[in-house]
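To start, the structure under review is shown below, and the notes come after it.
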Amino acid sequence: MRLALSDAGPALSPISPRRELGAYEAMWLEKGATFKSLAEKFAADPAALPSDFVATQLADQCAADVLKRLKAAGVHQFGVRIHHAGDYPTKLRVAKHPVEMLYYRGAWEISETRCIAVVGSREASEDGIRRTVRLARELVDRGFTVVSGLAKGVDAAAHQAAIARGGRTIAVVGTPLGTCYPKEHAELQETIAKSHLVISQVPVLRYARQAPPQNRLFFPERNATMSALTEGTVIVEAGDTSGTLTQARAAMHQGRKLFILDSCFQRTDITWPARYEAEGAIRVRTPEDIWSALG
């Protein structure tokens, strides 16, 4: 379900990706809309599409605005995945508040490979970066796709190491496709979009109308999607208040594997590793602990 920025050509299926995109964006413009409120609306009507909740004219108007904004941001080709249509990944339904639509750039089929998320602190230590690089290389060597969130620190190191090793990587970003955060990762995001896969669940119009403090809330929400897309999450390094722990909670809720590097347990200034181990997370003393758990 690929969207070119053009009105030409007949619809390839009874469902219009463009109209559903516009309807979903319109739903996000309603006062008080959140991932939770939208998920509850769709849960109450499991067969519904976004266009069932929005007037056709408004949906088409919003779609035109989205395409215009993305084009202005240099995004000339992208795709969408809509629940009940085409290749929407059913594994996303395990999320607490599953998203009805995703934007993407790149090769969607990468999402159908065996994927592991590698996440951690934005202000990673040198040791943390070294461990991330080593882990990403080993994942690539074993045929896994390395998934992360394009943030500073561990995320960027994981993406870059996977690319350098000749492997596959997916960036699940907390911004719309035409935006990059942090800005210094714009080139990395573009590389991943052209040769790998970038996924966004962030509504373009709502993001454009909000101030940065409100838009920051999209970052923890994408962690739940990142977890659902993967077989498991490896936490390299994180403090007690790190956003990374949002993904740890999501992984446990979704029945995904949660791996925590042994170095996290060695720190005396944090308590979360022992807490998650008690709930079923796997302490990684050697890489073999990961491979044996994944099978």
Side-chain angles (χ1 to χ4, degrees), residues 1-30 33-73 75-113 115 170-173 175-178 193 197-208 218 221-222 224-226 228-229:
M1 210 160 273
R2 198 81 173 157
L3 271 183
L5 290 170
S6 160
D7 292 323
L12 296 178
S13 76
I15 292 172
S16 162
R18 178 172 170 149
R19 182 160 293 157
E20 298 306 333
L21 177 166
Y24 190 65
E25 288 276 352
M27 292 177 77
W28 266 104
L29 294 179
E30 292 169 9
T34 62
F35 285 108
K36 182 176 186 284
S37 70
L38 265 61
E40 286 170 350
K41 189 173 279 196
F42 284 100
D45 190 353
L49 287 161
S51 60
D52 293 322
F53 297 106
V54 176
T56 299
Q57 187 178 356
L58 177 59
D60 291 349
Q61 184 185 326
C62 286
D65 195 2
V66 168
L67 269 58
K68 182 180 170 186
R69 285 177 182 275
L70 289 177
K71 188 174 184 179
V75 178
H76 297 283
Q77 194 174 34
F78 65 95
V80 293
R81 286 289 175 256
I82 301 158
H83 188 213
H84 300 310
D87 295 327
Y88 176 93
T90 53
K91 55 191 172 183
L92 287 188
R93 304 317 290 175
V94 302
K96 194 173 183 181
H97 308 304
V99 293
E100 296 298 310
M101 195 191 85
L102 294 170
Y103 290 96
Y104 73 93
R105 292 180 66 201
W108 180 259
E109 56 271 20
I110 294 176
S111 72
E112 293 154 7
T113 61
C115 297
I170 300 173
V172 184
V173 297
T175 63
L177 288 181
L197 179 62
V198 175
I199 294 174
S200 170
Q201 67 190 53
V202 180
V204 175
L205 304 183
R206 172 73 172 267
Y207 191 93
F218 287 121
E221 296 285 359
R222 64 89 194 268
T225 297
M226 197 195 309
L229 278 169

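Computed from heavy atoms alone, side chains included, the values below leave out hydrogens, waters and symmetry copies.
The pair Glu30-Lys41 meets the salt-bridge criterion, since a charged nitrogen lies less than 4.0 angstrom from a carboxylate oxygen. Ion pairing between a basic and an acidic side chain is recognised when a charged N comes within 4.0 Å of a carboxylate O; Glu100 and Arg81 show no such pairing.
For the pair Ser200 (side chain) and Thr175 (backbone), a donor-acceptor distance under 3.5 Å is present. In this structure, Glu25 contributes its side chain and Val204 its backbone to a donor-acceptor pair below 3.5 Å. Of the possible donor and acceptor atoms, none in the side chain of His83 sits under 3.5 Å from a partner among the backbone N and O of Pro50. Distance alone, capped at 3.5 Å, places no donor-acceptor pair between the Lys91 side chain and the Ala228 backbone.
Among the candidates Asp60, Leu67, Val80, the single residue satisfying the side chain to side chain contact (heavy atoms under 4.5 Å, CB included) test with Arg18 is Leu67.
Nearest heavy atom pair, residue Gln201 against residue Glu221, reads NE2-O, 3.5 Å. Contact detail for Pro203 and Pro176: the closest heavy-atom pair is O-CG, 4.4 Å. Across every non-hydrogen atom of Val198 and Ala193, the tightest pair is CG2-N, 3.6 Å. Closest non-hydrogen pair, Ala39 versus Pro98, comes out as CB-O, 4.0 Å. Contact between Cys62 and Gly22 at its shortest, heavy atoms only, is CB-O, 3.4 Å. When every heavy atom of Pro89 is checked against every heavy atom of Leu229, the shortest pair comes out as CG-CD2, 4.3 Å.
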side-chain contact (heavy atoms from CB on, under 4.5 Å) between His76 and Lys71, worked out
CA-CA 5 Å; His76 297 283; Lys71 188 174 184 179; 3.8 Å; yes
Asp52 vs Asp45, test: side-chain contact (heavy atoms from CB on, under 4.5 Å). Steps then yes/no.
CA-CA 10 Å; Asp52 293 322; Asp45 190 353; 5.5 Å; no
Pair Trp28, Leu205 - check side-chain contact (heavy atoms from CB on, under 4.5 Å), show working.
CA-CA 8 Å; Trp28 266 104; Leu205 304 183; over 6 Å; no
Derivation of the side-chain contact (heavy atoms from CB on, under 4.5 Å) call for Val173 and Val202
CA-CA 8 Å; Val173 297; Val202 180; over 6 Å; no
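Counting only heavy atoms from C-beta outward, the side chains of Val75 and Tyr103 never approach each other to under 4.5 Å. Here the side chains of Phe35 and Thr225 are not in contact, with every heavy-atom distance at 4.5 Å or above. Residues Phe42 and His84 have side chains not in contact (no heavy-atom distance under 4.5 Å, counting atoms from C-beta outward).
Here the CD1 atom belonging to Ile199 is positioned 10.0 Å from the CG atom belonging to Leu177, to the nearest 0.5 angstrom. Annotation: the span from Ile170 atom CD1 to Cys115 atom SG amounts to 4.0 Å, rounded to 0.5 Å. Here Leu38 contributes atom CG and His97 contributes atom NE2; the two are 11.5 Å apart, rounded to the nearest 0.5 Å. Going from atom OG1 of Thr34 over to atom CZ of Arg206 covers 8.0 Å, rounded to the nearest 0.5 Å. The line from CG of Asp65 to CG of Leu29 is 8.5 Å long, rounded to the nearest 0.5 Å.
The distance between the ring centers of Trp108 and Tyr88 does not fall below 6.0 angstrom.
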